[in-house]
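Below: the structure, in structure tokens.
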Amino acid sequence: FYNSLFENRKGLLELLEEEKSRFILLPSDFVFASHQGYQFMFFSLTNGNDPQVYFYTEGMEKPEIKWSKFSDFLIKSVEDYIK
């Protein structure tokens, strides 16, 4: 996970280019998670200390808001792990 953290952005940019997507990943978007190169999660570094988490999967027209706060994502991840 940690070794590939900074490769996630490159992977999403490549996917968007392959799909000829109209969605543009901004320089301020930090892609922190990916799954097999076709699903990605990111947040904007300009949206405060607890930003919304966006989800993009191959074929989507644009990303959707998956969590309203990054802290909600973290809490859910820990809860799922404990189960």
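Quick note: residue numbers are just sequence positions, from 1.
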Relative to the ring of Phe43, is the ring of Phe32 parallel (under 30°), tilted (30 to 60°) or perpendicular (over 60°)?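 Because their plane-to-plane angle lies in the 30° to 60° range, the rings of Phe32 and Phe43 count as tilted.
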
Tell me whether Ile24 at atom CD1 has more than 12 heavy atoms from other residues, nucleotides or ligands lying less than 6.0 Å away.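 Counting neighbours around CD1 of Ile24, 12 or fewer heavy atoms of other residues, nucleotides or ligands fall under 6.0 Å, so no.
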
Over 12 non-hydrogen atoms of neighbours within 6.0 angstrom of CD in Glu61: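 No.
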
With rounding to the nearest 0.5 angstrom, report the [atom1] to [atom2] distance, [X] to [Y].
X	Y	atom1	atom2	result
Leu26	Thr46	CG	OG1	8.0 Å
Thr57	Lys66	OG1	NZ	9.5 Å
Glu58	Leu16	CD	CG	10.5 Å
Lys69	Gln52	NZ	CD	11.5 Å

Give me the atom names and distance for the closest heavy-atom approach of [X] to [Y].
X	Y	answer
Pro51	Ser44	CB-O, 3.7 Å
Asn8	Ala33	ND2-N, 3.6 Å
Phe42	Val31	CB-CA, 3.6 Å

Pick from Phe70, Trp67, Tyr54: which one makes a side chain to side chain contact (heavy atoms under 4.5 Å, CB included) with Met41?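 Of Phe70, Trp67, Tyr54, side chain to side chain contact (heavy atoms under 4.5 Å, CB included) with Met41 is met by Trp67 alone.
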
Look only at the side chain of Arg22 and the backbone of Lys62, and say whether a donor-acceptor pair between them is shorter than 3.5 Å.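 The answer is no, because no donor-acceptor pair under 3.5 Å joins these two groups.
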
With sequence neighbours excluded, residues passing side-chain hydrogen bond (donor to acceptor under 3.5 Å, both in side chains) with Ser28: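 Partners of Ser28 under the side-chain hydrogen bond (donor to acceptor under 3.5 Å, both in side chains) test: none.
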
Does the ring centre of Phe40 sit less than 6.0 Å away from the ring centre of Tyr56?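 Between Phe40 and Tyr56, which both carry aromatic rings, the centre distance is not below 6.0 Å.
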
Assigning hydrophobic clusters by single linkage (Ile, Leu, Val, Met, Phe, Trp, Tyr; side-chain heavy-atom cutoff under 4.5 Å), is Leu13 placed with Phe23?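 Same cluster.
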
Stepwise, does the side chain to side chain contact (heavy atoms under 4.5 Å, CB included) test hold for Val53 with Phe55? CA-CA 7 Å; Val53 174; Phe55 174 77; over 6 Å; no

Under 3.5 Å, side-chain donor or acceptor atoms of residues 72-83 against the rest of the protein: list the pairs with distances, not counting sequence neighbours.
| from | atom 1 | to | atom 2 | distance (Å) |
| --- | --- | --- | --- | --- |
| Asp72 | OD2 | Ser68 | OG | 3.4 |
| Lys76 | NZ | Asp80 | OD1 | 2.8 |
| Ser77 | OG | Phe73 | O | 2.9 |

